Amino acid sequence: MNKTERRINVPVLARVEGEGALELEIADGRIAALRLRIFEPPRLFEKFLEGRSYAELPDMVARICGICPVAYQMSAVHAIESIFGVDPGPWVRAMRRLFYCGEWIESHALHIHLLALPDFLGFDNAPEMARVHPVEVRRGLHLQALGNDIIRFLGARSVHPVGACVGGFTHAPHVTEAVVLRDKLRAALPDAEALVHWLASLDMPAIEQRFVSAALRHPEEYPLNDGRLVSDDGLDITSAEFDAHFTEHQEPHSTALHCTLHGKPYLVGPLARLNLNHDRLPAAVRAPLDACGIAWPSRNPFHQILARAVEIHYALWEAVRLLDDYHEPAASRVAVTPRSGVGFGCTEAPRGLLWHRYELDEEGLVRNARIIPPTSQNQARIEQDLRLSIEALGLDRPDDELRQRCETVIRNYDPCISCATHFLDLRIKRR
Amino acid sequence: MSDVCIIGLGSPHGDDQLGWELVRLLENEGVQSSVETPLRITACATLGGEVLECWKGADLAIIVDAVRGALPPGTVRHIILHPQHDLSEVDAVRTLTSHSIDLRALMDLAMALDEIPTRVVLIGVEVEACAPFESMSAPACAALPGLVRAVRAEISAFSGND
């Protein structure tokens with residue numbers, strides 16, 4: 001039995017967004033404490049929104065995050081439209097899916113190639129990996145650029161896009177732009193399929209963990225903008241029923257709220273979506289994935305990186321399908337009439353469920369806003385995964401090895417600390 | 001003739017708008033028609049793949065961003081990133097971008113992929129805090145004319161050496 005005290009610090013975790021730290025205390029060969037501390041100051045965005053007009057919300061909430069602005073816009077417009085009783089129609093619905101496809105491709109490609117993949121291939125960082133795998137990294141950057149192209153198509157710019165509004169979009173792109181974009185995306189479909197094959201062939205840690213997956217589920221489609229909120233332990237609710245099942249609470253070691261499902265940790269994001277929606281993938285995407293020989297649903301958290309690649313393939317395929325049907329509408333938005341009420345919006349951000357609740361007055365001004373981002377929802381699951389992963393690795397392993405495994409586990413979730421507080425300093429204490 | 005690429009990095013928040021504001025100013029001035037060099041101007045938010053895509057084929061890349069270093073707010077910094085880059089200078093300033101790799105990693109990645117212009121410079125303006133939804137501070141606004149002159153001077157000097 002190890003009676004000595006060991007402290008391991010990861011003072012700043014690289015390759016994640018935002019600032020936080022991990023504290024690990026090992027006593028008598030067991031984990032005495034494990035705290036994922038998020039100390040980025042809360043940004044209090046919800047308070048900024050109070051008193052602002054519904055019309056300002058899509059552009060304001062887009063600024064919460066530089067990597068998933070579309071997600072924030074989508075959850076907001078759905079919530080507001082539910083209050084106003086507006087259905088923007090099939091053209092807007094299709095373009096919102098397209099917009100979201102761009103964000104998934106851009107965010108997932110960035111995370112795979114510049115942030116997470118060096119961990120799995122044994123490199124300290126992306127530049128080192130790029131010297132050995134230049135073709136694959138170039139391919140990844142090209143995919144990322146295509147995602148940005150989609151966002152620019154509808155949002156005028158790839159970061160903090162401005163095209164989305166309550167009722168639809170501020171403009172409809174010309175059909176010739178759609179054809180050019182569609183052809184670029186179609187040409188990249190083999191790249192996305194090759195990425196899935198490459199990641200499925202990597203020697204991932206073969207671990208199995210019990211965890212609950214939660215995601216949207218739609219009767220026909222792989223979920224992006226809508227669907228019922230389901231889990232693999234029987235949850236099946238509307239976004240308005242979120243509060244009856246999910247609970248946010250403050251942990252003293254973190255400035256971000258932790259969210260639990262029926263009091264327990266749960267997983268959101270690409271792996272949760274794929275676990276719950278594998279049967280919603282079109283044959284063109286599902287067949288090459290199934291040929292890789294991995295059973296779904298997967299209980300290996302390290303399959304999150306593979307799930308991201310599958311979703312890049314899906315999002316490209318879906319974007320091509322949507323652009324094949326593209327036409328310029330008579331109007332790119334429907335008129336709305338403000339009215340008071342409470343509305344909910346829940347969509348699938350790249351990192352998982354993004355839930356919004358707004359209370360508006362009769363003029364459409366925000367009385368109250370609540371936003372629960374995916375990283376808050378995954379935070380308890382990350383801590384659960386960390387415990388299981390380092391216990392499986394062996395607590396008597398050298399500090400550097402424990403630190404590396406902890407960082408790999410955390411990055412695997414692609415946490416966005418800025419969104420959650422809106423990350424990592426690892427301190428391991430042994431006694 | 002050399003190709004020049006200007007990349008304004010930024011966000012809509014406070015002084016972090018500097019890079020985007022410079023892009024807007026240069027476009028309003030019609031800078032493309034006022035220099036003989038083929039010129040591309042792009043607004044970006046992160047250091048990463050999008051920047052590498054932007055400077056493909058360029059001989060000179062100028063990155064403009066708000067930076068935090070040790071000098072007073074409003075001070076214009078000119079740092080050569082490639083060739084003969086001074087890494088101590090790079091590490092002494094922090095560009096205000098998120099969800100991205102840092103400046104040193106960007107340069108390392110570009111060199112690893114052999115996708116780097118002949119010359120890359122960072123022209124930055126020292127700023128203080130950038131709060132959400134705030135407008136640019138007085139020192140940052142006052143630095144804009146000097147920033148435009150610094151960018152134009154870099155283009156002229158590089159074109160003169162063509």
Side-chain angles (χ1 to χ4, degrees), chain A residues 14-19 40 43-45 48-49 52 56 59-60 62-69 106-107 109-111 113-115 124-135 137-138 140-149 152 156-162 414 416-419 422, chain B residues 7-14 16-17 19-21 23-24 27 41-57 65-66 81-82 85 87 90 94-116 129-135:
Chain A
R15 290 186 268 133
V16 300
E17 166 55 22
E19 293 181 25
E40 185 146 320
R43 298 190 296 171
L44 308 172
F45 259 94
F48 280 125
L49 301 176
R52 307 302 288 249
E56 296 177 280
D59 287 342
M60 291 189 79
R63 297 174 184 195
I64 291 176
C65 181
I67 206 78
C68 49
E106 166 263 329
S107 177
L110 169 71
H111 183 256
H113 296 92
L114 296 187
L115 307 179
D124 284 339
N125 52 52
E128 275 185 23
M129 185 180 76
R131 286 185 195 96
V132 181
H133 299 284
V135 173
V137 172
R138 281 196 191 96
L141 296 177
H142 177 60
L143 288 167
Q144 185 190 354
L146 292 174
N148 285 328
D149 286 346
R152 206 176 285 116
R157 58 195 189 205
S158 62
V159 180
H160 301 298
V162 291
D414 193 13
C416 183
I417 304 302
S418 295
C419 286
H422 269 212
Chain B
I7 298 166
L9 281 173
S11 77
H13 305 300
D16 199 26
Q17 296 170 80
W20 290 5
E21 186 61 16
V23 168
R24 192 184 67 77
E27 285 177 338
I41 310 176
T42 312
C44 289
T46 58
L47 285 170
E50 195 172 11
V51 169
L52 299 189
E53 285 285 319
C54 287
W55 75 30
K56 262 185 186 166
D65 198 5
L81 301 175
H82 180 78
H85 54 286
L87 292 179
V90 170
R94 178 169 171 243
T95 62
L96 299 179
T97 57
S98 62
H99 280 299
S100 62
I101 57 178
D102 62 26
L103 202 49
R104 182 193 282 256
L106 175 78
M107 299 305 295
D108 286 347
L109 181 62
M111 283 186 267
L113 295 172
D114 195 21
E115 290 184 0
I116 192 161
C130 295
F133 307 123
E134 286 195 350
S135 52

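By convention in this document, chain letters (A, B, ...) are assigned in the order of the sequence lines, proteins followed by strands, and residues within each chain are numbered from 1. Predicted, not measured: the structure shown is a model, and the values here were computed from it. In what follows, every heavy atom counts, from backbone to side chain, and hydrogens, waters and symmetry copies are set aside.
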Chemist: Return the minimal non-hydrogen interatomic distance between P127(A) and A112(B), and the atom names on each side.
Modeler: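 Scanning both residues, the minimum pair turns out to be O-CB, 3.6 Å.
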Chemist: Side chains of L113(B) and L141(A), heavy atoms from C-beta outward: is any pair under 4.5 Å?
Modeler: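 With C-beta onward as the side chain, the pair touches.
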Chemist: Is the shortest heavy-atom distance from the side chain of E53(B) to the side chain of L146(A) under 4.5 Å?
Modeler: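 Answer no - side chains too far apart.
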Chemist: How far apart are the C-alpha atoms of L114(A) and L109(B), what are their side-chain angles, what is the distance that settles it, and do they pass the side-chain contact (heavy atoms from CB on, under 4.5 Å) test?
Modeler: CA-CA 9 Å; L114(A) 296 187; L109(B) 181 62; 3.7 Å; yes
